[in-house]
Amino acid sequence: MMAQYRASEIEPKWQAAWDAADVFRAEPDPARPKYYVLEMFPYPSGRIHMGHVRNYTMGDVIARYKAARGFNVLHPMGWDAFGMPAENAAMERGGHPADWTYGNIADMRAQLRPMGLSIDWSREFATCDPEYYGQQQAMFLDMLEAGLVTRKSATVNWDPVDRTVLANEQVIDGKGWRSGAEVERRELTQWFFRISDFAEELLDAIDRLERWPDKVRLMQANWIGKSRGLQFAFDTLGAPAGHEKLAVYTTRPDTLLGASFAAISPDHPLARALEADDPAIAAFNAECRRMGTSEEALETAEKKGLPTRVTVRHPFDPDWELPVWIANFILMDYGTGAIFGCPAHDQRDLDFARKYGLPVIDVFEAAEDGAPVGDIAFVPPKTETVRYVNGFAGPDRQTGDDAVTAAIAECEARGVGSGVTNYRLRDWGISRQRYWGCPIPVVHCPDCGAVPEKRENLPVELPRNVDLSVPGNPLDRHPTWADTTCPRCGGPARRETDTMDTFVDSSWYFARFTAPRADTPTVMADADYWMNVDQYIGGVEHAILHLLYSRFFARAMQITGHLPAKAIEPFDALFTQGMVTHEIYVTRDDKDRPVYHLPEHVHWTESGARLGADGPPVDVMPPAKMSKSKKNVVDPERIIAEYGADTARWFMLSDSPPERDVEWTAAGADAAFRHLARVHRLAAECAGAGHGDAGTAAADAALDRATHAAIAGVTRCIEGFAFNKAVAELYTLTNAIARSDAAASARARSLRILAQLMAPMTPHLAEEIWAMLGGQGLVARADWPQADPALLETDTVTLPIQINGKRRSQIEVPKDTATDAIEAAVLQDAAVQRALAGAAPRKLIVVPGRIVNVVV
RNA sequence: GCCCGAGUGGCGGAAUGGUAGACGCAGGGGAUUCAAAAUCCCCCGCUGGCAACAGCGUGUCGGUUCGAGUCCGACCUCGGGCACCA
C-alpha cells in the first residue's frame, strides 16, 4: 500500500525543518545581491481571510523563487495595528483596544503560520508598539524642524449629537452612523504634512516608476492634478469691506468672454462675510455645510446655488457685470474657492445656468459644422482645433491648448492676472480626534504656543486607563494624561490630544523592517543594504493614498537623514493583485428581507442549492468580493485544516491572473487537492520502482525535453508575475511525466525538477517529493534549475496557411526554410490550389516562423 | 459626478497585430471493479452536415489592416478610488 498524500502530516514536518535550519532569517551579506519582497501588511481584524492568503502566497512565490536564484531575501511581516475598529470594538463589547489588538495579532499569527510562508518572523512588529510609534514621533519632530509640518484649519465631519468627529465612512446619507444626526462641516486647527510642496517632484518622479502598473501611475498623476491656468481678481460691486477683489482660478481663460456668472464656495470668506446680514445666505450656507466633507458627496449632490447682492466687473469691460452666486459644488480646497462660470463649455456650469436662467454664451464651435450649444456643453479635448466665435487671443481656428496659452499671454499683457501652475493635491491632514493612534508629540503652552516635546520624553505613550464607553476623544477628556509642563519654559501646559492618521504608520514600516529593533527610526547601514523594496505587492485600493504618502515619506525621511538617497522612490516594482470573490447564497425571511448563508451550510442537490440536505432552496447570486456581511466567505483556517496549506496556495495561484479577481469554488479547491495528490502519487510510484524499470532512449529524451521546456516556461511566467500560467506549465509537465514511458531514473530526474519548480508555490509537497526521490538537503535551499537550450530547439516549424485571413491549412517546413521555398510549398498545398482555381494569388504574405496569408 | 480598470466556450482563463479557446473545472463516453469510490483513456465553442467540410463566434456599433480578442473612435455593463475605512 502506497503512502497517501497527507498534508496534515507533511506540512508541520517541513515547517519544523525550516525553523530548525533557520532558513528564512535575513541578515545583511555584502557578498550576495539582496532582494526585498514585501506584501502590504495586514490590519489585525482577528481573522485572516482568503485575500490575505492570496496576497502572501504571491509574495512567498517571489521570495522563495528569488532565494533559489541566489538572492539574499528579506521577507518580513508586521501589523498595521492602529485604527478605528479597535475603538469600536471597545465601545461595543467593552475591553481595551490594546488587548483587542494584541489578541487579534496573536490569533492571526497562529492562522498565518500554517501557511508555510518564508517569512523572517524575528522582524515582526506592530505599529501600536511604543517602540514603533515612539520612533514615528521622533521623525515627526525631525519633520517639524525641517519645515515639513504645518498647522492650519481643516474641515471635518461633526456629529452634533455625539459631539464627535466622524470618518467619512461613518457618515451615511449625510447622517452620523450611530446618532443618526445630520452631520455638519466644522473647521478645526489641524496638523498637516506639507506634501503639496512636493507635488511637482512626486509628479515628475512617476516617470521613473517603470515597474509600476501604468494604471497606478496614471491615477497618481491625475490625483496630483497639475494644471496651468490663469489666476486673476474680479473687482466686486456691493461686497462687504475687505472683499473689493474676488480672486478666481481658471484652466480655460480662453473662455473668458463666455463668462455668465461668478460662483464661490459656501466656505469662501466672502460667503461667510455675507452671512452676517443676510439670513437667506446664512441658511443656504448652513444647509451646504450639512453635507459630508468627501468630494464624492459634494460632486454627486444636487447642484444648488443662491444669488447674492454682489456682482463683479468683467475684466475686459467695466460695464459688463456678472452676478456672484454661492454654489454647493465649488470646492474651497481647490484653486481659490471661486470660479467664473462658462456654461457653453462646461457641463456643470451649463446645468447650473439652465436651472437658474443664466445666459449661455458660445466661445467656440466645432471647426466643421459648428453650432451653438444646446443642452450639452461643447467640451472637446484641448488638442482639438476649434473655431473661436468669441475669442480674444490667437487666431480664429486653433486648438484649446494654443488658445489657453494665447489667452494667458494676452491677459498678462492687459494686466489681468497671471498664468499660474496649480495642483489638485492638498496637504496631508494627519490630526485625528481619536485614542487608538500615535500621539502627536507636541505640547500646547499658554505662553510659548505649540512646542515640540523633548526627545528624551519620547515615546509619548498612550494612557492605559481611558473611558471608551462614550463618544468623543478619550485623550481630550482624560483627567490627567494631557497635563504636562512646557518643554521650553517649564510652565504648566497641555499635551496635544490628537493622534496621527494611521496612514502615517504605514508610510514608513517598509523602512523599519530593515532594522526593526533599532532605537532610532532606521539604521543607515541596514537601510542602505536592504532598500529599496524590490517587489511590493498589495491591493489596487491603495493605488493612490498609501502609495503616494509612502513616496512622500521616503522624501521626508531622506531630508531628515533616515533614508539614503537611493530610497527616494522606496518601491522599485509594484504589483496590484485582484480580490478573492465567492458566490452569494441568500434566502428571504417572512418580510422578504435577504438572509445570507455561509457556503459551508449550502448543500448541492439535483434540484439545486439547498440549506441542508433537504432544507429550503437557496438563491445563488453572482460572485462578489468576500465580505462578512454577505457571508460569502471561506475561512482559510478551515481550508488549511481540510486540504492543507499547499492546496490553498496552489488554488490561489491557478485559474485567474494575479491582477484579476479570482473566484473561490469548492470544486476548484477539490481539483487543486487532487492534482497535488497526483503529484505525490507519481513521486511515490517512481520512488518505489526498481532499477529494472527501464524505458527507451527516445522516451527518456522526450521527457527531458518536456522537463526543460517547463523550466523555461515556469521561470518566464514567475518572472512575469503570470502565476496562473506557471501553474498551467506545471500541469503540462505533470501530464508528461504521468504518460511517459521513460525509465524510473529519468522520471525521478523530472520529478525532482518538478519539485523545484513547484517549491515556490507548494513548498511542503515539494520538500516531501524532493526527499522521496533523493534530493540533497532542503528544496528551500536548492538552486533554481537551468533550462538546457539544446533541449528547447526544434527542427521544424508548422506554418498555418490563411486564405483571405482565415486559416484553411498548414504546412510543416524545416526551421530555416527560405521565404521563396515556403511560397513554393504553399502554392502546392491542396487547399490553396482549390482556392486559387488556377489563378495566381493577388498577394502572398509570408511571416517567417509564424504564418502565411494567401490573398485570392 | 470625476479619475482608473475589466468584459473571450456551461465556468476560471490562454493567445510579441499572425492557427481564438493552452491549462484547469464542469459535462459526456469508455476501461478497471461484484458494485462503488479512487484512478486511467477519449470527446467537448455555436449552427448545419453521415462525413469531408461550410457558416458564425472574443460586451455593442463603426474604423484601420493581407490579417484585429489585441490598434483607433463612440457606446453599454460591472469593479476600484475620491483625501478621517484600512
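Naming: A, B, ... by sequence-line order, numbering from 1 per chain.
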B:rA37 and B:rG27, which share atom name P, separated by this distance in whole Å: 12 Å

Which atom of A:Val216 lies closest to which atom of A:Leu547, heavy atoms considered: CG1-CD1, 4.3 Å

Distance test, side-chain N/O of A:Ser656 to OP1/OP2 of B:rG13, below 4.0 Å: yes

Nearest-angstrom distance from the residue atom CD1 of A:Ile811 to P of B:rU19: 15 Å

Student check: side-chain heavy atoms of A:Val540 and A:Met219 closer than 4.5 Å: yes

Distance in angstrom units between A:His675 NE2 and B:rG24 C1', rounded: 10 Å

P spacing across the pair B:rG29 / B:rC44, given as an integer number of angstrom: 15 Å

Side chain to side chain, A:Trp650 and A:Phe673, heavy atoms closer than 4.5 Å: no

Opposite nucleotide pairing with B:rG24, Watson-Crick or G-U, both atom distances under 3.5 Å: B:rC11

Nucleotide paired to B:rA31 in any strand shown, Watson-Crick or G-U, under 3.5 Å: B:rU39

Atom-to-atom span, NZ of A:Lys215 to C1' of B:rA6 - whole angstrom: 9 Å

Touch class at under 4.0 angstrom, heavy-atom based, for A:Arg739 against every strand present: sugar-phosphate

Whole-angstrom distance between B:rG63 and B:rG67, as gauged at atom P: 13 Å

Touch class at under 4.0 angstrom, heavy-atom based, for A:Leu218 against every strand present: sugar-phosphate

Pair assignment for B:rG18, Watson-Crick or G-U wobble, requiring both distances under 3.5 Å: B:rC66

Whole-Å distance separating the OH atom of A:Tyr509 from the C1' atom of B:rA86: 12 Å

Nearest-angstrom distance from the residue atom CG of A:Leu548 to P of B:rC82: 13 Å

Closest-nucleotide ordering on RNA chain B, the 5'-leading residue of A:Glu299 and A:Arg426: A:Glu299

Working for side chain to side chain contact (heavy atoms under 4.5 Å, CB included), residues A:Ile737 and A:Leu754: CA-CA 10 Å; A:Ile737 295 170; A:Leu754 178 67; 4.2 Å; yes

Touch class at under 4.0 angstrom, heavy-atom based, for A:Val855 against every strand present: sugar-phosphate

Which residue lies more 5' along RNA chain B, comparing A:Ala667 with A:Glu663 via nearest heavy atoms: A:Glu663

B:rC56 pairs with, by Watson-Crick or G-U criteria that keep both distances under 3.5 Å: B:rG45

Interatomic distance at P, B:rG69 relative to B:rG62, whole Å: 15 Å

Sugar-phosphate, base or nothing in reach of A:Asp670, heavy atoms under 4.0 Å: nothing

Rounded P spacing from B:rC75 to B:rC85 in Å: 33 Å

Partner nucleotide of B:rC82 by Watson-Crick or wobble geometry (both distances under 3.5 Å): B:rG1

Atom-to-atom span, CD1 of A:Ile845 to P of B:rA68 - whole angstrom: 12 Å

Syn-anti status, with the boundary at 90° from 0, for the nucleotide B:rG57: anti

Nearest-Å distance for atom pair CD1/P, residues A:Ile803 and B:rG67: 15 Å

Sugar-phosphate only, base, or nothing, as touched by A:Ser431 at under 4.0 Å among non-hydrogen atoms: base

Whether A:Tyr509 and A:Tyr536 hold their rings parallel, tilted or perpendicular, with breakpoints at 30° and 60°: tilted

A:Thr798 and A:Gln810 side chains, donor-acceptor separation under 3.5 Å: no

Distance below 4.0 Å between A:Thr502 side-chain N/O and B:rA86 OP1 or OP2: yes

A:Arg678 vs B:rA38: side-chain N/O to OP1/OP2 distance below 4.0 Å: no

Sugar-phosphate only, base, or nothing, as touched by A:Leu425 at under 4.0 Å among non-hydrogen atoms: base

Sugar-phosphate, base or nothing in reach of A:His546, heavy atoms under 4.0 Å: nothing

B:rG12 phosphate, OP1 or OP2, under 4.0 Å from A:Asn724 side-chain N/O: no

Span that lies between the P atom of B:rA14 and that of B:rU65, in whole angstrom: 30 Å

Ring-ring centroid check A:Phe193 A:Tyr549, cutoff 6.0 Å: no

Any-strand Watson-Crick or G-U partner of B:rA6, both distances under 3.5 Å: B:rU77

Sugar-phosphate only, base, or nothing, as touched by A:Gly539 at under 4.0 Å among non-hydrogen atoms: nothing

Euclidean distance for C1', B:rA38 against B:rC76 (whole angstrom): 48 Å

Phosphate contact (B:rC4 OP1 or OP2) by A:Arg217 side-chain N/O below 4.0 Å: no

Centroid-centroid distance, A:Tyr133 to A:Phe82, less than 6.0 Å: yes

A:Arg660 side chain near B:rG5 phosphate (N/O to OP1/OP2, under 4.0 Å): no

Sugar-phosphate, base or nothing in reach of A:Gly668, heavy atoms under 4.0 Å: nothing

Donor/acceptor link under 3.5 angstrom from A:Asn222 side chain onto base of B:rC3: no

Phosphate-side-chain proximity, A:Arg808 and B:rG55, N/O vs OP1/OP2 below 4.0 Å: yes

Distance test, side-chain N/O of A:Arg681 to OP1/OP2 of B:rC40, below 4.0 Å: yes

Donor-acceptor under 3.5 Å (A:Asp661 side chain, A:Thr581 main chain): no

Distance-only donor-acceptor test, A:Glu295 side-chain atoms vs B:rC82 base atoms, 3.5 Å: no

Pairwise P distance for B:rG59 and B:rG49, with rounding to whole Å: 29 Å

